[in-house]
Amino acid sequence: MTTFTTEETSEPVPLELATTARARRRGLLGRPGIEGALLLTPANSVHTLGMRFAIDVAYLDRSSRVLAVRTMRPGRLGLPRPRARQVLEAEAGAMERWGVRRGARITIQHA
């Protein structure tokens with residue numbers, strides 16, 4: 001199982017990886033929700049066209065530091081972030097609970 005933490009996260013958060021073009025295109029489309037988060041890599045933008053729920057989106061640089069966090073309602077197009085190399089997605093409200101905010105560093109653990 002893959003998980004991630006931040007400086008403020010006391011418990012590891014379950015993490016799904018979308019590393020293929022097909023997995024990144026599908027993302028969270030058609031799902032009723034997600035337990036934990038989804039990491040799209042490489043990626044620098046996302047959309048919520050066809051989504052069933054609002055999501056939090058964190059844009060990460062090459063060192064897994066958070067550049068920005070946005071909440072996106074269904075049916076939106078996100079602007080590309082030129083320095084972003086990965087995008088972390090979760091249900092709306094989750095990023096704040098986990099301490100994922102601008103400047104935080106995400107640490108990924110592979111079990």
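Note that the structure is predicted; figures quoted are calculated from it, not measured.
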Of all heavy-atom pairs between [X] and [Y], which one has the smallest distance, and what is that distance?
X: A84; Y: Y59; value: CB-CB, 4.0 Å
X: A90; Y: G36; value: CB-O, 3.8 Å
X: G78; Y: S45; value: O-CB, 4.0 Å
X: P74; Y: R52; value: CG-C, 4.3 Å
X: A23; Y: T19; value: CB-N, 4.4 Å

Looking at [X], I'd like to know if its [atom1] atom is crowded, meaning that more than 12 non-hydrogen atoms belonging to other residues, nucleotides or ligands lie closer than 6.0 Å.
X: R83; atom1: CZ; value: no
X: L79; atom1: CG; value: no
X: E8; atom1: CD; value: yes
X: E7; atom1: CD; value: yes
X: R31; atom1: CZ; value: yes

Among the clusters formed by ILVMFWY side chains lying less than 4.5 Å apart, do [X] and [Y] turn up in the same one?
X: V87; Y: I108; value: no
X: L38; Y: V100; value: no
X: F4; Y: I34; value: no
X: I55; Y: L40; value: yes
X: V69; Y: V46; value: no

Pair H47-L29, side chain to side chain contact (heavy atoms under 4.5 Å, CB included): steps then yes or no | CA-CA 10 Å; H47 68 83; L29 293 176; 4.3 Å; yes
Atom [atom1] in [X], atom [atom2] in [Y]: separation rounded to 0.5 Å?
X: L15; Y: T5; atom1: CG; atom2: OG1; answer: 10.5 Å
X: L39; Y: E16; atom1: CG; atom2: CD; answer: 11.0 Å
X: W98; Y: L88; atom1: CH2; atom2: CG; answer: 7.0 Å
X: T41; Y: Q86; atom1: OG1; atom2: CD; answer: 4.0 Å
X: E89; Y: T48; atom1: CD; atom2: OG1; answer: 9.5 Å
X: M95; Y: R101; atom1: CE; atom2: CZ; answer: 12.0 Å

Could you tell me if the side chain of [Y] sits less than 4.5 Å from the side chain of [X], heavy atoms only?
X: S63; Y: R85; result: no
X: M1; Y: P14; result: yes
X: L17; Y: H110; result: yes

Are the side chain of D56 and the backbone of G93 linked by a donor-acceptor contact shorter than 3.5 Å?
-> yes
For G103, does its backbone N or O pair with a side-chain atom of R65 as donor and acceptor, under 3.5 Å?
-> yes
Derivation of the side chain to side chain contact (heavy atoms under 4.5 Å, CB included) call for L49 and L77 | CA-CA 7 Å; L49 302 173; L77 288 173; 3.9 Å; yes
Side chain to side chain contact (heavy atoms under 4.5 Å, CB included) between I106 and T6: does it pass, once the steps are laid out?
-> CA-CA 5 Å; I106 302 296; T6 67; 3.6 Å; yes
CA sep, side-chain torsions, deciding dist, call: L67, R102, side chain to side chain contact (heavy atoms under 4.5 Å, CB included) | CA-CA 5 Å; L67 298 169; R102 188 171 194 261; 6.0 Å; no
